[in-house]
Protein chains: 2
Amino acid sequence: MGMKIGELSRATGTNVETIRYYERIGLLPAPSRTAGNYRDYSQTHLDRLNFVRHARGLGFDIADIRSLLNLAEQPDRDCGEADKIASGHLKSVEAKISRLEQLRSELKHMITQCRGGQVSECRIMEALGDHDHCSTAHVPNGILS
Amino acid sequence: MGMKIGELSRATGTNVETIRYYERIGLLPAPSRTAGNYRDYSQTHLDRLNFVRHARGLGFDIADIRSLLNLAEQPDRDCGEADKIASGHLKSVEAKISRLEQLRSELKHMITQCRGGQVSECRIMEALGDHDHCSTAHVPNGILS
DNA sequence: TATGGTCCCTGTAGCAACTACAGGGTCAAG
DNA sequence: CTTGACCCTGTAGTTGCTACAGGGACCATA
């Protein structure tokens, strides 16, 4: 009746393996199966997967998406929760941007300092080796990811 | 004679487990051992680990750092290679920044659209559910990471 | 000498969010 | 009846760490 996993994959631009992964972690409900044990998806699944892909495209992590999906299933609740999740994510995006801008300027500086020549006099290598020069040491893990 | 792993850890701001991890993947050479089988680090190890931490702080991945370390050991070579690695990294940082800026503006837009009320009329949820609205679909995997 | 506390050792498993097989089954076309 | 495209399960790999478990080493004190 519905669509097979390959069709859902094409319809949403999602890798087949990723769809099965989402099912395994409980992000998508397990669909019914055909006689030959193929997954048989409905419009509901399509909508939900599109929701997930949009949210992932906006960089929400899967925990956030779970919360957003729960909210979507309770249309009468206040949407403050959704706002909170989105605002929190926006903040983390902004933090990443400013961190990356800092990296960009340090890298640019390093690169313009390098005027060619031998490794032994390369400013890039010097900057990396110098113990006291780099402002990027001791950055909490994972802020870049 | 030298320093134990905990001292190296404190001296470089690197987790002990991380130091052992770097040894395991061959990024740091295995140090000699004391009679009690403790790792015994020298100044050379300290320098190398500082180099690695600086480069990681600048967002270089471990493959790049391996290359940079190889270069550092051949001081008479041309430093064009180092320049290439750094420039390539700068480009990827810039790509991430522009991607994140795009996300930021989409998120901001979404959030300002939401005027509170119920989930059923929340613009955030609408935007995520809407099939044709989101410009962030089909982004190559991992460009955000 | 016993005891405690702090360090250190190896080895393995976990995280996020997938991706990539291996080794097999299903189904429609020719 | 075979070919090829698709589908299935299950497991392992990716990156850069982090977090144990279960045990040794070393030093100070009682």
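Chain letters run A, B, ... following the sequence lines, proteins first and then strands; every chain starts at 1.
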(request) From the options Glu94(A), His89(A), Lys96(A), select the one residue that forms a side-chain contact (heavy atoms from CB on, under 4.5 Å) with Arg104(B). (result) Glu94(A)
(message) Just to verify, what does Asn70(A) make a side chain to side chain donor-acceptor pair (under 3.5 Å) with, not counting sequence neighbours?
(response) none
(message) For Tyr22(A), give me all partners under side chain to side chain donor-acceptor pair (under 3.5 Å), at least two apart in sequence or on another chain.
(response) Arg53(A)
(message) Between Glu7(B) and Arg10(B), does any side-chain N to carboxylate O distance fall below 4.0 Å?
(response) no
Give the rounded distance in Å between these two atoms: [atom1] of [X] and [atom2] of [N].
| X | N | atom1 | atom2 | answer |
| --- | --- | --- | --- | --- |
| Met3(A) | dC6(D) | CE | P | 14 Å |
| Lys4(B) | dC26(D) | NZ | C1' | 7 Å |
| Ile25(B) | dG16(D) | CD1 | C1' | 8 Å |
| Asp61(B) | dT14(D) | CG | C1' | 13 Å |
| Asp64(B) | dT15(D) | CG | P | 12 Å |
| Leu8(A) | dC6(D) | CG | P | 15 Å |
| Leu49(B) | dC17(D) | CG | P | 11 Å |

(request) Remember a base hit wins even if backbone is also touched, and classify Tyr22(A) as base, sugar-phosphate or nothing at under 4.0 Å, heavy atoms. (result) sugar-phosphate
(message) Measuring only between side-chain heavy atoms, which start at C-beta, is Val93(A) closer than 4.5 Å to Leu58(A)?
(response) no
(message) Is there a salt bridge (charged side-chain N to carboxylate O under 4.0 Å, His left out) between Arg20(A) and Glu17(A)? Walk through the geometry before answering.
(response) CA-CA 5 Å; Arg20(A) 286 197 281 249; Glu17(A) 321 263 32; 3.5 Å; yes
Within the sub-3.5 Å range, which N or O atoms of nucleotides 8-13 of chain D have a protein N or O partner, and how far apart are they?
| unit_1 | atom_1 | unit_2 | atom_2 | d |
| --- | --- | --- | --- | --- |
| dC8(D) | OP1 | Arg39(A) | N | 2.7 |
| dC8(D) | OP1 | Arg39(A) | NH1 | 2.9 |
| dC8(D) | OP2 | Arg20(A) | NH1 | 2.7 |
| dC8(D) | OP2 | Arg39(A) | NH1 | 3.2 |
| dC8(D) | O5' | Arg39(A) | NH1 | 3.4 |
| dC8(D) | O3' | Arg33(A) | NH1 | 3.3 |
| dT9(D) | OP1 | Arg33(A) | NH1 | 3.4 |
| dT9(D) | OP1 | Arg33(A) | NH2 | 2.9 |
| dT9(D) | OP2 | Arg39(A) | NH1 | 3.0 |
| dT9(D) | OP2 | Arg39(A) | NH2 | 2.7 |

(message) Closest-nucleotide mapping onto DNA chain D: is Thr34(B) or Ile62(B) further toward the 5' terminus? I mean the 5' end.
(response) Ile62(B)
(request) On DNA chain C, check which nucleotide each of Tyr21(A) and Glu7(B) is closest to and give me the residue with the more 5' one. (result) Glu7(B)
